[in-house]
Amino acid sequence: MMKVVFPGSFDPPTNGHLNVMQRASRLFDELWIVIANNQMKKYLFTAEERSAIVKSLVADLPNVQVTIWEGLIVEFASRIGARTILRGVRALADFEYEFELGMMNRGLDPGIETLFMPTDQKYFVLRSSAIKELAMFKGDVTGMVPPIVAEALRAKF
Ligand code: ADP
């Protein structure tokens with residue numbers, strides 16, 4: 001039974017995130033999407049809002065769980081008995097950061113491996129921070145995020 005943990009802020013989730021979720025759910029027996037809630041970060045959407053949005057996006061995938069977590073991801077993984085953390089990577093610029101994060105997590109728990117999944121080329125320019133900015137200026141985010149996220153952004157601004 002291969003369980004994988006896909007952690008992120010998902011503030012808000014984009015089509016790129018959703019694509020990684022869909023591909024991972026086909027690859028692993030169980031996919032746990034972890035909505036990270038870090039006290040030091042400022043989010044546009046609350047953890048509960050991000051969780052509700054992600055849940056509705058993956059409602060049609062039978063082997064996916066969505067949960068909010070405020071602690072270390074390796075601790076969450078070991079708690080549920082997962083030995084793999086999944087991270088999506090877009091350009092090379094992501095890689096350096098993700099590589100360091102992966103090494104840090106490996107240092108914390110050598111029994112847990114980080115795997116990287118390259119984004120689909122259709123989504124490699126999608127970034128939650130840029131999408132929030134675009135939405136704030138009433139720009140058109142259709143095609144970048146699922147319709148319910150576009151609606152949630154409209155409601156926020
Ligand atoms: P974090 O704040 O932990 O980086 P994000 O919500 O920004 O959380 O991203 C979660 C994961 O999804 C990260 O591994 C990130 O690199 C990846 N990701 C972000 N955007 C995309 C995209 N367009 N395609 C594929 N993966 C992505």
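Ligands are counted one by one from 1 in listed order, and the atoms in each one are counted from 1 as well.
Considering backbone and side-chain atoms alike, V89 places every N or O at 3.5 Å or more from each N or O of ligand 1. By the 3.5 Å distance cut-off applied to N or O atoms, S9 is counted among the residues near ligand 1.
With values rounded to the nearest 0.5 angstrom, I73 atom CD1 is found 11.5 Å from L108 atom CG. T114 OG1 to I85 CD1: the interatomic distance, rounded to the nearest 0.5 Å, is 4.5 Å. To the nearest 0.5 Å, the span separating CD1 on I35 from CZ on F45 amounts to 12.0 Å.
Atoms of ligand 1 lying under 4.0 Å from any heavy atom of K41, numbered from 1 in the order shown and given with element: 2 (O). The ligand atoms of ligand 1 that sit less than 4.0 angstrom from a heavy atom of T119 are 22 (C), 24 (N), 25 (C). Within ligand 1, counting atoms from 1 as listed, the ones closer than 4.0 Å to a heavy atom of Y123 are 23 (N).
Using 4.0 Å as the threshold, P118 has no heavy atom nearer than that to any atom of ligand 1.
Transitive grouping of hydrophobic side chains (ILVMFWY, heavy atoms separated by less than 4.5 Å) brings V149 and L126 into a common cluster.
Salt bridge annotation for R106-E113: present, with a cationic side-chain nitrogen under 4.0 angstrom from a carboxylate oxygen.
Here the rule is side-chain contact (heavy atoms from CB on, under 4.5 Å) with R87, and of L101, L115, D94 only L101 fits it.
Taking every heavy atom of both residues into account, S25 and N63 meet most closely at O-ND2, 2.8 Å. In plain terms, the two heavy atoms of P146 and T14 that are nearest each other are CD-C, 4.0 Å.
No more than 12 heavy atoms of other residues, nucleotides or ligands sit less than 6.0 Å from atom CZ of F124.
In this structure, the protein non-hydrogen atom closest to atom 20 (N) of ligand 1 is R90 NH1, 3.1 Å. Summary of contacts: the protein heavy atom closest to atom 6 (O) of ligand 1 is F10 N, 2.8 Å. For atom 17 (C) of ligand 1, the closest heavy atom belonging to the protein is G88 O, 3.4 Å. Considering only non-hydrogen protein atoms, atom 27 (C) of ligand 1 sits nearest to H17 CD2, 4.1 Å.
At a heavy-atom cutoff of 4.0 Å, ligand 1 is contacted by no atom of R127, backbone or side chain. At a heavy-atom cutoff of 4.0 Å, ligand 1 is contacted by no atom of F124, backbone or side chain. The part of V20 lying near ligand 1 is the side chain, judged by heavy-atom distances below 4.0 Å. Proximity of P7 to ligand 1, defined as any heavy-atom pair under 4.0 Å, is confined to the backbone N, CA, C and O atoms.
Summarising the contacts of atom 4 (O) of ligand 1 with R87, R50, M117, the nearest heavy atom is found in R87.
In this structure, the side chains of P12 and K156 stay at 4.5 Å or more apart for every pair of heavy atoms.
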